[in-house]
Amino acid sequence: MSIPTEAVLGTTVAFSFILFGNAITQSFMGVPALLVDFPPPSSPDHAARARLLGRQWPTLWAMGNRFFRPISTLGIFGYAYTSWVASAQGPNSKLGDWRPYAISALCHLITVVHSATNMQPINEKIDALREPAKGKVDAKQAESYARKWIKYNTVRLITPVVAGTLALFQMFKGH
């Protein structure tokens, strides 16, 4: 029994918008909430808040690794599969042109590669704030690391919404 391509596509579009919603939540609510009243490095309270940030971080990081990484990866395969089927069926099929689905797959690939190459090192620095005495991280940079994480997470906000929107419009165009 095969799974209908429309089901694969619909699920993959849903994945894109789930990723978009998560990026909004983390960038505009979750991480900023961790930084409320974050003291400057010159404050005697800074070291304790930096350690607290390091202890809180695994909650966000674990969700990304266990839930959103697989969704991003499945997005690559879902859109690539849909692109392949659309290509095989031709431009006059219900799926229409294969290229928007290929671009959507590329968007998810960018998300996965960006997460691994750019976000992972920042995650590791913030996580290391739990025990800054081990010398793996500069605790004075704690707030800077989190703000850099927010800035870099913009890619993970843009690419899934582009992927999902392209695929959704292409899907509706054929119906």
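Both backbone and side-chain heavy atoms feed into the values below; hydrogens, waters and symmetry mates do not.
Smallest separation of non-hydrogen atoms from Arg49 and Val36: NH2-O, 3.0 Å. Residues Val13 and Ala167 approach most closely at CG2-CB, 3.8 Å, considering heavy atoms. Taking all atoms of both residues into account, the shortest heavy-atom contact from Ala139 to His46 is O-CE1, 2.8 Å. Residue Ala105 comes nearest to Tyr79 through the heavy atom pair N-CB, 3.5 Å, listed as atom of the first residue, atom of the second, then distance. Shown here for Asp127 and Pro58, the closest heavy-atom pair between the two residues is OD1-CG, 3.4 Å. Nearest heavy-atom pair across Leu95 and Gln89 is CD1-OE1, 3.8 Å.
Within 6.0 Å of the CD atom in Glu124, the count of heavy atoms belonging to other residues, nucleotides or ligands exceeds 12.
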What verdict does the side chain to side chain contact (heavy atoms under 4.5 Å, CB included) test give for Trp57 and Leu34, after you've listed the backbone C-alpha separation in whole Å, the side-chain angles of each residue and the deciding distance to 0.1 Å? CA-CA 9 Å; Trp57 196 253; Leu34 298 177; 4.1 Å; yes
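A salt bridge is defined here as a Lys NZ or Arg NE, NH1 or NH2 lying under 4.0 Å from an Asp or Glu carboxylate O, and Arg99 with Asp97 meets this definition.
Neither Phe28 nor Tyr145 shares a network with the other; the hydrophobic side chains, linked directly or stepwise wherever heavy atoms of I, L, V, M, F, W or Y lie under 4.5 Å apart, form separate groups for each. In the hydrophobic clustering of ILVMFWY residues, with side-chain heavy atoms under 4.5 Å counting as a link, Tyr101 and Val8 come out together.
Relative orientation of the Trp84 and Tyr81 rings is tilted, given thresholds of 30° and 60° on the angle between their planes.
Residues Trp149 and Lys125 are not in side-chain contact: their nearest non-hydrogen atoms beyond the backbone lie 4.5 Å or more apart.
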Kindly list each side-chain donor-acceptor pair under 3.5 angstrom involving residues 109-116, sequence neighbours excluded, with atom names and distances?
residue : atom : partner : partner atom : Å
Thr111  : OG1  : Cys107  : O            : 3.0
Thr111  : OG1  : Thr159  : OG1          : 2.4
His114  : ND1  : Asn118  : ND2          : 2.9
His114  : NE2  : Tyr152  : O            : 2.8
Ser115  : OG   : Thr111  : O            : 2.8
Ser115  : OG   : Arg156  : NH1          : 3.0

